[in-house]
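Just the heavy atoms: all of them, side chains too, but no hydrogens, waters or symmetry mates, feed the values below. Lettering of chains follows the sequences in order, A, B, ..., and the numbering in each one begins at 1.
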Protein chains: 2
Amino acid sequence: MSAEPHALDSESRARGDHADHKAELRLWLRLLTCTTMIETEIRRRMRERFDITLPRFDLMAQLERVPDGMTLGELSRRMMVSNGNVTGLVDRLVAEGLLQRRQSDTDRRAHYVSLTEAGRRSFAAMAAEHEDWVADLFADLGPGEVASLMSLLGAAKRSVQRSVRNAVEP
Amino acid sequence: MSAEPHALDSESRARGDHADHKAELRLWLRLLTCTTMIETEIRRRMRERFDITLPRFDLMAQLERVPDGMTLGELSRRMMVSNGNVTGLVDRLVAEGLLQRRQSDTDRRAHYVSLTEAGRRSFAAMAAEHEDWVADLFADLGPGEVASLMSLLGAAKRSVQRSVRNAVEP
DNA sequence: CGATAAAACTTTAAGCTTAAAATATATCGC
DNA sequence: GCGATATATTTTAAGCTTAAAGTTTTATCG
C-alpha cells in the first residue's frame, strides 16, 4: 500500500550501513527523560496525597464524562495497555467501590465499566489537584512554547504512527 | 530558600480555585502518548528481533563506553529507577552472561557492574538497529523540527526539575 | 574513640505489565 | 443453519517496578 518513503537513502544503502542518526536518538532519550520525570513526580504526589496509584487514576480519567461507561476493550485501546492489564485494574477498582461493571445486553462477551458515584466524587477531587500539578510542572514554559510543543509533538506522533503502521502491516 | 515564583497567581488565589490549565494538561497527555507509542514499538521490536526486554537493553546502554563499569547506585540514578529494580535486572543479566559484577576495593558496600565481552558484542548489534528504528520513527520530522523539539523539551525538562525541587525540598 | 548518621545495596510485599494461551460469544459466507 | 473466523475477555507465567524495611559498611563529629 505505502511507497515506503522512509527507507535508507541511497548513500546509506550504497555504504551498506546506517547514516548518523544521533540527533533522533538524543531526541528520543530526552523525550523519555521528560516523561519519566513527570510520571515519577505525579505518581509520588498521587500516593502521598490520595493514596492511589497512577494506573488507577488514569483508568478513572478515561471513564470521566462517559456516564454510560465503556467496554474493557475500549479502555484497553485508549489507555494503550494490554487487555489483561485492564482486567486486573478494573477488578481492584471495583473492589474499592470506585467502579461498577455490568454485562452488555446485546453482546454477552462484552462488559461495560463506569464510575460509581463514589468514584466520580473521588476522581473530581483528584483531577483538580492533578491539573494544578501538571500546570506547575510546565510553569516555566510560556504559552507560545506550550503551543509549539503541542504542534511538534503532534507531528512526531503522526510520524511514529506511520512508522509503526509500516512495520506491522507489510 | 526559593521565592516560589510559580504559586497560584493572585486572581486564582482570590477565587480560591484554579485557573484553566487545560493546555498544559493536554501537553502532558500528548507527551505521554508519544512516549508510550515509541516505547511499545521499540519493546516489540527488541523482543521480536533480539528476544530481550527493554529494561535490560537500557541497562546495557548505560554501561556502554564505560569499560570500568559503574556502581548499582549510579545505574539506578541514571536510569531513574529504584535501587531494588537495578539489583534484579543486574542479577538476570549476570545470569545471562552479559554482565559481570565485582565488589569495590575501596568500599565494601559498593559493587561495580560492567559488560562482559559477550555483552559488548550483543549490545553493539542491538544498538545499531535500535538507532535505525528510532530514526525511522521520527523520519517525518525535518532537521529543524528535531532541533526545535530538543530545545523545547530541554526547557520543559528544566521546568519540571524546578517544580520537583520546589515540591520535595521545602 | 565511640555514638550516630549516612550511604550502598538487598530483600520483601504488593501491584503493574506484558505476551500468549484459553474461553466464550458473535459474525460471516455459503 | 453451519463451519470458519473474528472479537471480548480472562487466565497464566514471567518479568518489571516501586516503597519500605533491613543489613552491612563508611563517614561524621563531639
Within the distance-only criterion (no hydrogens, no angle test), does the side chain of A:Q100 pair as donor or acceptor with the backbone N or O of A:T116 below 3.5 angstrom?
no
Salt bridge present between B:E117 and B:R120 (N-O < 4.0 angstrom)
yes
Figure out the CG/P separation between A:L75 and D:dT10, and round it to whole Å.
11 Å
Interatomic distance where CD1 belongs to A:I42 and C1' belongs to D:dT17 [whole Å]
18 Å
Just how far, in rounded Å, is P of D:dA20 from CZ of A:R43?
13 Å
To the nearest 10°, let me know how far the axis at one end of the helix from C:dC1-D:dG30 to C:dC30-D:dG1 is tilted from the axis at the other, five pairs an end.
30°
Is it true that a side-chain atom of B:E24 and a backbone atom of A:V134 form a donor plus acceptor pair closer than 3.5 Å?
no
Ring pair (Phe, Tyr, Trp, His ring centres under 6.0 Å) involving A:F57 - partner list, sequence neighbours excluded:
A:F123, A:H130
For residues 84-94 of chain B, which side-chain N or O atoms pair as donor and acceptor with protein atoms under 3.5 Å away, sequence neighbours left out?
from: B:T87; atom 1: OG1; to: B:N83; atom 2: O; distance (Å): 3.4
from: B:D91; atom 1: OD1; to: B:R101; atom 2: NH1; distance (Å): 3.1

For A:H111, does its backbone N or O pair with a side-chain atom of A:S104 as donor and acceptor, under 3.5 Å?
no
Which letter, B, S or -, goes with each nucleotide of nucleotides 1-14 of chain C from 5' to 3', with contact meaning a protein heavy atom under 4.0 Å?
-----BBSBBB---
Please determine if a side-chain N or O atom of A:R92 lies less than 4.0 Å away from the OP1 or OP2 oxygen of C:dC16.
yes
Send over the distance from A:M70 CE to D:dT9 P, rounded to a whole Å.
12 Å
Is there a donor-acceptor contact under 3.5 Å from the side chain of B:E131 to the main chain of B:A128?
no
Membership question, hydrophobic clusters at under 4.5 Å side-chain separation (ILVMFWY): are B:M79 and B:Y112 in the same one?
no
Can a side chain N or O of B:R47 be found less than 4.0 Å away from OP1 or OP2 on C:dT18?
no
Salt bridge or not for A:R45 and A:E129, using N-O below 4.0 Å?
no
Would you be so kind as to tabulate the donor-acceptor pairs closer than 3.5 Å made by side chains of residues 149-160 of chain B, with sequence neighbours excluded?
from: B:R158; atom 1: NH1; to: B:G154; atom 2: O; distance (Å): 3.4
from: B:S159; atom 1: OG; to: A:L137; atom 2: O; distance (Å): 2.7
from: B:S159; atom 1: OG; to: A:A139; atom 2: N; distance (Å): 3.4
from: B:S159; atom 1: OG; to: A:D140; atom 2: N; distance (Å): 3.1
from: B:S159; atom 1: OG; to: B:R162; atom 2: NH2; distance (Å): 3.3

So which of residues 50-63 of chain B are in contact with DNA chain D, with a heavy-atom cut-off of under 4.0 Å?
B:T53, B:P55, B:R56
Chi angles and distances behind the salt bridge (Lys or Arg N to Asp or Glu O under 4.0 Å) call for A:E74, A:R77
CA-CA 5 Å; A:E74 198 169 345; A:R77 282 187 294 277; 5.3 Å; no
What is the distance, to the nearest angstrom, from the CD atom on A:Q103 to the P atom on C:dT25?
8 Å
